[in-house]
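Have a look at this one.
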Amino acid sequence: MITVIADDLTGAAEIAGICLRYGIDTTFGIDTMSQREAKVNIIATDSRSLSEAEAYQIHWQLAKKVIQKSKNQIIFKKCDSILRGYVLTELSALMDASEKSTVLLQPSNPVSNRVINEGMYYVNDIEIEKTGFSKDPDFPAKTSSVKKLLLSRTSKQDISVHTENITKIDLKGIYIPDCNSEEDLMKNLKLYQDDFVIGGSAIFFEQFLIKLKIASNKTELKKLHFSRDYILVSGSMYPDSIQFAKSHQTMGCPVVHFSNEMLQKEIKTDVINVFDNKISEIYYKNKKLVLRVSDDIQSFEDSWKILKSRLSTVVKHLIKRADIDEIFIEGGATAYDMLNTLGWNSFTPTEELAWGVVRMQNNSNPKKHITLKPGSYKWPEGFFN
């Protein structure tokens, strides 16, 4: 069995999609192992938005639980393809928990033109420090050197990091070989040994499954359509997401934003109750609803954290009141907060609808299904009609 630990929810969903693509039995848990075991067990965390110390602790504790359950488990560390987050810190937690001293890491995604050449990271043939990723609000890429980039995001400066053209691994440390093509992904995997910790991008995980002969024949993407009896929670500020929400209005689906009163830093319970009643009436009338906080960024202190929590509370009330079984969530941070608020943490992935767009069944209440989509990805054509 393989357990995948991811540092964000949508990255974990990408892994689930890959497993569905090859018909591999898969489970999905949030901050915990799922209630049932499968060939691939995925654990989604939100460690990228936490402190470095918290990220280490979460990964160490999860790895310990996985190893205690079965020492024959392979743990794969899913990381962001452009290395946002506390990648070295989380890998060191897995090394400490498993008592392993060597890591093979490959974050590259050549299909998306994200590659490593001579130890430097390139996005669409441009050094990453010269792209928009240099202005990331949480993990800006201030250097294109993979080694320097990783070390700048950890306090664990005693870790040996090896990059560039790696042809063999015979020392302790973390190894990130150059990777310019899909062929390089499999070439890198020839370096893997059973006593290594392994991690990287979703596409590297796909190649790992192929190497282990767990993945062979692909299945066709499921084609589902929903015209009613659903709520779409759009938490992304990507322009395409805003435009997609607006397009629902032309399809006869109401799009509701928070009222001005709901957008204040501090509000009374009565304000939430009034808004709850409003969206409930709209849902009962139309049997479908798109809900957004706002199309504009709110500027008060901790605005995103406060409004995200408020959105989750409103959705919880609506799902309970209207007994909605299909919930679509756009944006990883939004989805993580919402599922925690709902108390849903154990799922079985059922359909991959597009790359990164995955529908899952709630194991505690099998009638309930959620579909997750990263904000920057697209919904399948004709999905809502």
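What you see below is based on every heavy atom in this structure, not just the backbone, and it leaves out hydrogens, waters and symmetry mates.
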Can you confirm whether the side chains of Trp355 and Glu14 place a donor and an acceptor under 3.5 Å from each other?
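Glu14 and Trp355 do have a side-chain donor-acceptor pair below 3.5 Å.
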
Tell me the closest heavy-atom pair linking Lys222 and Leu353, and the distance in Å.
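Taking every non-hydrogen atom into account, O-CD2, 3.8 Å.
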
If hydrophobic clusters are built by linking Ile, Leu, Val, Met, Phe, Trp and Tyr wherever their side-chain heavy atoms come under 4.5 Å apart, do Leu83 and Met120 end up in the same one?
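Result: no, two separate clusters.
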
When you look at Lys156 and Glu52, which way does the salt bridge (charged side-chain N to carboxylate O under 4.0 Å, His left out) test go after all the steps?
CA-CA 10 Å; Lys156 298 183 178 296; Glu52 182 187 351; 6.0 Å; no

Closest heavy-atom contact between Val290 and Ala245?
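Answer, listing the atom of Val290 first, then Ala245: CG1-CB, 4.1 Å.
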
Test item: Thr45 side-chain N/O and Ala6 main-chain N/O as donor-acceptor pair under 3.5 Å:
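It does hold such a pair.
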
Between the side chain of Thr341 and the main-chain N/O of Ser312, is any donor-acceptor distance below 3.5 Å?
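No, because the side chain of Thr341 does not come within donor-acceptor range (under 3.5 Å) of the backbone of Ser312.
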
Check whether more than 12 heavy atoms from other residues, nucleotides or ligands sit under 6.0 Å from atom NZ of Lys64, and answer yes or no.
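More than 12 heavy atoms, drawn from other residues, nucleotides or ligands, come within 6.0 Å of this atom.
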
Side chain of Thr348, backbone of Gln361: donor and acceptor closer than 3.5 Å?
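No, the answer is negative, given that no donor and acceptor are paired below the 3.5 Å cut-off.
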
Are Val103 and Ile169 connected in a single hydrophobic cluster, I mean Ile/Leu/Val/Met/Phe/Trp/Tyr linked by side-chain heavy atoms less than 4.5 Å apart?
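Unlinked, Ile169 and Val103 end up in two clusters.
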
Quick one: CZ on Phe204 to OG on Ser81, what's the gap to the nearest 0.5 Å?
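Separation between the atoms: 13.5 Å.
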
Name the orientation class of the two ring planes belonging to Phe226 and Phe328 (parallel below 30°, tilted from 30 to 60°, perpendicular beyond 60°).
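Correct class here is perpendicular.
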
As a quick check of understanding, evaluate side-chain contact (heavy atoms from CB on, under 4.5 Å) for Val357 and Thr371, giving each step before the final call.
CA-CA 7 Å; Val357 183; Thr371 300; 3.9 Å; yes

Can you tell me how far apart CG (Asn188) and CE (Met186) are? Round to the nearest 0.5 Å.
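Interatomic distance, Asn188 CG to Met186 CE, rounded to 0.5 Å: 10.5 Å.
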
For Lys287, does the NZ atom sit with more than 12 other heavy atoms under 6.0 Å from it, leaving out its own atoms?
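For Lys287, atom NZ is crowded (more than 12 foreign heavy atoms under 6.0 Å).
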
Electrostatic pair Asp323-Lys367, nearest N-O below 4.0 angstrom
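Salt bridge: yes.
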
Gap between atom CG of Leu105 and atom CG of Leu88 - 0.5 Å precision:
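Output value for this atom pair is 8.0 Å.
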
Asp7/Arg48 salt bridge by N-O under 4.0 Å criterion
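Salt bridge flag = yes for Asp7 with Arg48.
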
Is any side-chain N of the basic residue among Lys320 and Asp276 closer than 4.0 Å to the acidic one's carboxylate O?
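Looking at Asp276 together with Lys320, the answer is no, because their closest N to O distance does not fall below 4.0 Å.
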
Which pair of non-hydrogen atoms, one from Leu151 and one from Val161, has the smallest distance, and what is that distance?
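Heavy atoms only, the tightest pair is CD2-CG2, 4.2 Å.
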
Would you confirm whether Ser241, through its side chain, and Gly235, through its main-chain N or O, come within 3.5 Å as a donor-acceptor pair?
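No; judged by distance alone, with no hydrogens or angles, the pair does not exist.
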
Should we say atom CD of Gln193 is surrounded by more than 12 heavy atoms from elsewhere, each under 6.0 Å from it?
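Enclosed: over 12 neighbouring heavy atoms sit under 6.0 Å from CD of Gln193.
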
Would you say Leu311 and Val274 are hydrophobically clustered, going by side-chain heavy atoms of ILVMFWY under 4.5 Å?
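Different clusters: Leu311 never reaches Val274 through Ile, Leu, Val, Met, Phe, Trp or Tyr contacts under 4.5 Å.
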
Rounded to the nearest 0.5 Å, how far does CD of Glu326 lie from CG of Asp229?
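Answer for the CG-CD pair, Asp229 versus Glu326, is 9.0 Å.
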
For the backbone of Ser144 and the side chain of Glu129, can you confirm whether one donor and one acceptor N or O come within less than 3.5 Å of each other?
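Looks like yes, one N/O pair under 3.5 Å.
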
Give a yes or no answer on whether the side chain of Asp8 reaches the backbone of Ala44 with a donor-acceptor pair at less than 3.5 Å.
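Checked: no pair found.
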
Hey, any chance Ile267 and Leu263 share a hydrophobic cluster, counting ILVMFWY side chains that come within less than 4.5 Å of each other, even indirectly?
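Per the 4.5 Å side-chain linkage, Ile267 and Leu263 are co-clustered.
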
Hydrophobic cluster membership, Ile75 vs Tyr175, 4.5 Å side-chain cutoff:
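Different clusters.
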
What verdict does the salt bridge (charged side-chain N to carboxylate O under 4.0 Å, His left out) test give for Asp25 and Arg36, after you've listed the backbone C-alpha separation in whole Å, the side-chain angles of each residue and the deciding distance to 0.1 Å?
CA-CA 11 Å; Asp25 186 30; Arg36 72 176 187 88; 2.9 Å; yes

Donor-acceptor under 3.5 Å (Ser108 side chain, Pro110 main chain)
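No; judged by distance alone, with no hydrogens or angles, the pair does not exist.
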
Any salt bridge linking Lys168 with Asp170? Criterion: basic side-chain nitrogen under 4.0 Å from a carboxylate oxygen.
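Here Lys168 pairs with Asp170 in a salt bridge, since their nearest N and O are under 4.0 Å apart.
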
Ignoring hydrogens and angles, tell me if any N or O in the side chain of Asn277 forms a donor-acceptor pair with the backbone of Asn273 under 3.5 Å.
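It does hold such a pair.
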
Between Ser112 (side chain) and Asn109 (backbone), is there a donor-acceptor pair under 3.5 Å?
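No: the side chain of Ser112 does not pair with the backbone of Asn109.
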
Determine whether the side chains of Lys288 and His248 contain a donor N or O and an acceptor N or O closer than 3.5 Å.
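Side-chain D/A pair, Lys288 to His248: absent.
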
Derivation of the ring-ring contact (aromatic ring centres under 6.0 Å, His included) call for Tyr86 and Tyr56
CA-CA 8 Å; Tyr86 307 104; Tyr56 176 93; over 10 Å; no

Between Asn345 and Gly29 (side chain of the first, backbone of the second, donor and acceptor by atom type, cut-off under 3.5 Å), is there such a pair?
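No.
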
Please evaluate residues Phe205 and Val40 with respect to the criterion side-chain contact (heavy atoms from CB on, under 4.5 Å), reporting the C-alpha separation (whole Å), side-chain torsions for both, the decisive distance (0.1 Å), and the verdict.
CA-CA 11 Å; Phe205 178 74; Val40 176; 4.1 Å; yes

